[in-house]
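Predicted model only: the values in this text are computed from it and were never measured. As a basis for the values below, the full set of heavy atoms in this structure was taken, side chains included, without hydrogen atoms, waters or symmetry mates.
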Amino acid sequence: NSNLVIYPNPTSSQFTVTAAGTINRIEIRNMIGQVMYKGDVETSSTEIDASEFEAGIYIVNIIIDGEVTTKQLFVQ
């Protein structure tokens, strides 16, 4: 989904996910597959607090209008 934006990326605290469609769910996993965050959203933009995440790369799965998109999030 080219209309999906995660910013700021990299982050050290909060970040925002915005999409052209409706974001149904967001799931964030660390590189070993542990779920760090999971939330049902039902909006086109949401803020997530990553201040408790350790520095590293995270996989963000976003379901928008029923379609899954995967992005990377870099936490400093």
Side-chain angles (χ1 to χ4, degrees):
N1 188 334
S2 61
N3 295 320
L4 173 68
V5 180
I6 297 176
Y7 64 92
N9 192 8
T11 187
S12 59
S13 58
Q14 287 193 330
F15 65 96
T16 302
V17 179
T18 61
T22 300
I23 301 169
N24 307 117
R25 174 177 284 185
I26 297 175
E27 184 178 279
I28 303 171
R29 293 179 179 266
N30 63 18
M31 294 307 287
I32 60 172
Q34 295 172 313
V35 176
M36 306 302 293
Y37 174 88
K38 183 188 280 188
D40 294 326
V41 183
E42 302 302 331
T43 186
S44 63
S45 180
T46 188
E47 287 187 0
I48 298 172
D49 183 8
S51 62
E52 299 295 318
F53 292 7
E54 290 185 22
I57 302 170
Y58 293 83
I59 303 300
V60 184
N61 293 316
I62 304 119
I63 301 173
I64 303 167
D65 296 327
E67 191 173 308
V68 178
T69 301
T70 302
K71 296 281 190 180
Q72 287 186 338
L73 174 68
F74 299 91
V75 176
Q76 297 177 324

Less than 3.5 Å apart, which donor and acceptor atoms pair up between the side chains of residues 36-45 and the rest of the protein, not counting sequence neighbours?
from : atom 1 : to  : atom 2 : distance (Å)
D40  : OD1    : R25 : NE     : 2.8
D40  : OD1    : R25 : NH2    : 3.0
E42  : OE1    : N24 : ND2    : 3.3

Under the ring-ring contact (aromatic ring centres under 6.0 Å, His included) test, residues paired with F15 that sit two or more places apart: none

Nearest heavy-atom approach of L4 to A19 is CD1-CB, 4.1 Å

Shortest non-hydrogen separation from V60 to I62 and the atoms involved: CG1-CD1, 3.5 Å

Looking at side-chain heavy atoms only, is the closest gap between N3 and I64 below 4.5 Å? no

In the single-linkage hydrophobic clustering (I, L, V, M, F, W, Y; side-chain heavy atoms under 4.5 Å), do V75 and I59 co-cluster? no

Show every side-chain hydrogen bond (donor to acceptor under 3.5 Å, both in side chains) that has at least one partner inside residues 53-62, sequence neighbours left out. N61-T70

Return each pair, listed once, that meets side-chain hydrogen bond (donor to acceptor under 3.5 Å, both in side chains) where at least one residue sits in residues 4-20; pairs must be two or more places apart or across chains. none

Atom pair CD1 (I48) and CD1 (I28), whose distance is rounded to the nearest 0.5 Å: 4.5 Å

Does E52 have any side chain to side chain donor-acceptor pair (under 3.5 Å) partners at least two apart in sequence or in another chain, and if so, which? none

All side chain to side chain donor-acceptor pair (under 3.5 Å) counterparts of E27, not counting sequence neighbours: R29

